[in-house]
Amino acid sequence: MTRHRAYETLQTLIDDNDFELQDDAEAGEIAEADGTYGTAILSNPAFATNKTHRIHRWVNWIAGFSWQFAGDAIDRFVPEGPGRNGAVVLDPFAGVGTTLIEAQRRGVDCVGFEINPFPYLAAKAELEAAWVDVNLLRMRIQEFGTALRPIEAAIDIAGVDAAPTPRRTVPTGFRSRVPFFSPKVERKVLLCLDYIDAIEEAPVADLFRLAFATTMVSFSNYTYEPSLSTRPGAGKPLQENAPVVETIRTKLVHMADDISGYARELRRLARLPEFSLHLGSFFEGASRLGDGSVDLVVTSPPYLNNYHYVRNTRPHLFWLGFVSSSRDLAHYEEENFGKFWQTVRESAAIDLDFDMPSLSKRIAELRGLNRHKGIYGGAGWANYAATYFNDGYRFLRELKRLLRPGGTGVIVVGNNILQGIEFKVDEELVKISESLGLVGHREVVRCQRVGSSIIGTGLREKSFRPVELYEAAVIVQKPSA
Ligand SMILES: C[S@@+](CC[C@H](N)C(=O)[O-])C[C@H]1O[C@@H](n2cnc3c(N)ncnc32)[C@H](O)[C@@H]1O
């Protein structure tokens with residue numbers, strides 16, 4: 001039995017006190033997989049190991065899964081050999097592209113959807129890296145340093161008046177408790193963004209944007225502790241100044257080194273596989289894909305833990321110009337898998353829109369809890385759970401259409417506890433799959449210690465029986481015709 005401990009700190013950016021997130025998830029333990037077919041065992045899905053691996057280490061994305069997990073799933077269900085030719089791997093909730101890069105690395109065509117423009121940019125820049133002319137990239141990095149280092153030095157010595165007036169302006173719709181950047185830093189940021197706007201080669205510009213997006217918090221007045229909080233709130237001083245140009249440049253140099261190494265890896269492939277990545281909701285975009293066009297899905301939809309991807313990437317979304325008002329954010333919240341508790345808690349009662357009496361009963365039980373708490377009681381959480389499983393149903397129905405006969409879906413999800421009631425998302429998804437005519441089973445891939453997942457759900461308010469929180473891979477197969 002393979003057992004080891006994996007320690008990780010999940011980066012969360014929370015500026016909302018409505019809930020606490022999995023900011024203390026650690027000490028994960030891999031349980032033995034109880035696979036019933038195939039030989040390879042799926043790895044620990046924890047994202048932590050991505051932090052040290054070429055390309056994957058560019059972005060640290062909450063609840064991403066490890067490159068080994070995605071790679072194992074591809075090797076297991078689309079094994080190397082003639083069957084790989086023409087195979088297509090899909091990740092409908094692509095995040096920063098872990099599955100897609102592992103497909104590309106193996107020479108397999110891939111398709112992805114991602115609703116949030118920040119991880120979409122990351123996945124796109126990573127996938128495009130396979131085609132980037134690294135010498136051109138290095139030249140652009142050098143030009144960037146040559147153009148902006150003197151300006152950075154002038155600001156350091158003489159303040160913002162010594163610098164040119166930027167074309168870019170501070171995103172007006174973005175509000176933060178303390179100024180996100182101090183004046184000197186802000187001026188440097190705006191001038192860097194001006195410079196990036198003028199880069200003509202789109203894939204190179206994407207890499208620059210990503211280098212900015214992944215370093216911006218480090219020179220801001222905010223910090224991950226591990227949630228995003230103001231530096232003073234975390235006992236740290238405001239950053240009056242910071243080496244913005246140098247930080248971005250250094251990140252780019254590391255990215256260019258990774259791209260060189262990745263290009264060497266890809267040289268062994270007979271051809272560079274194709275990818276198609278869509279910015280937007282999978283539910284809206286899936287119709288672009290033909291029936292039976294996908295061999296394997298490896299994905300991890302948002303968990304039933306109400307992790308608020310949209311709010312938690314606000315600085316990136318505003319400063320990269322992807323959104324300009326909170327109204328724009330609302331669109332992403334509505335379209336997100338499962339929406340969010342904050343989005344549905346005040347709605348009239350939402351029920352399952354498919355037939356699953358046992359799950360309906362659990363949701364009804366949840367709805368009846370803590371009525372005196374109004375939207376913070378069971379009714380709000382019942383709406384969230386129902387919305388989540390309705391999206392789970394829609395997703396599995398679409399997956400069934402897209403998979404070729406004999407094709408497989410590997411879906412990583414976690415259980416959770418809402419107001420003291422445990423929802424075994426993996427077991428429910430297996431049941432839903434079977435009701436749709438898929439063959440499903442689950443493999444527990446990681447057990448976390450008790451209480452390591454979302455709270456704000458009543459769990460800490462009463463002493464409920466201890467519930468083990470775990471992640472499982474739901475493995476579904478479309479029967480062969
Ligand atoms: C658990 S993360 C996936 C992480 C990914 N496995 C990785 O390694 O980066 C879930 C992702 O689903 C995205 N998402 C949520 N709703 C979506 C939708 N309707 N369509 C496409 N993507 C969606 C979120 O923005 C988030 O990046």
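Counting starts at 1 for both ligands and their atoms, following the listed order. Not measured: the values here are computed from a predicted model.
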If we set the cut-off at 4.0 Å for heavy atoms, which region of A94 has an atom near ligand 1: side chain, backbone, both, or neither? backbone
Ignoring hydrogens, just give me the one of [options] whose non-hydrogen atom is nearest [atom].
{"atom": "atom 2 (S) of ligand 1", "options": "F69, F93, Y309, Y332", "value": "Y309"}
{"atom": "atom 10 (C) of ligand 1", "options": "A286, A122, S300", "value": "S300"}
{"atom": "atom 8 (O) of ligand 1", "options": "T99, N60, T98", "value": "T98"}
{"atom": "atom 27 (O) of ligand 1", "options": "R394, E114, E334", "value": "E114"}

So is [X] touching ligand 1 or not, going by heavy atoms under 4.0 Å?
{"X": "P92", "answer": "yes"}
{"X": "G280", "answer": "yes"}
{"X": "A70", "answer": "no"}

So is there a nitrogen or oxygen of [X] less than 3.5 Å from a nitrogen or oxygen in ligand 1?
{"X": "F282", "value": "yes"}
{"X": "E335", "value": "yes"}
{"X": "P119", "value": "no"}
{"X": "P302", "value": "no"}
{"X": "S281", "value": "yes"}

Heavy-atom count check: over 12 atoms from other residues, nucleotides or ligands less than 6.0 Å from E274 CD? no
Shortest non-hydrogen separation from R401 to G290 and the atoms involved: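 Closest heavy-atom pair between R401 and G290: NH1-C, 3.7 Å.
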Residues N415 and Y303: side-chain donor-acceptor under 3.5 angstrom: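 On atom types as modelled, these side chains do not qualify, holding no pair under 3.5 Å.
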Under a plain distance cut-off of 3.5 Å, with no hydrogens placed, do E443 and H441 share a side-chain donor-acceptor pair? yes
Which of the numbered atoms in ligand 1 are under 4.0 angstrom from any heavy atom belonging to G95?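 The list of qualifying atoms is 4 (C), 5 (C), 9 (O), 27 (O).
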Identify, by atom number and element, the atoms of ligand 1 in contact range of N336, meaning under 4.0 Å from any of its heavy atoms.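 Answer for ligand 1: 15 (C), 16 (N).
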Can you say whether the rings of F174 and W319 are parallel (under 30°), tilted (30 to 60°) or perpendicular (over 60°)? perpendicular
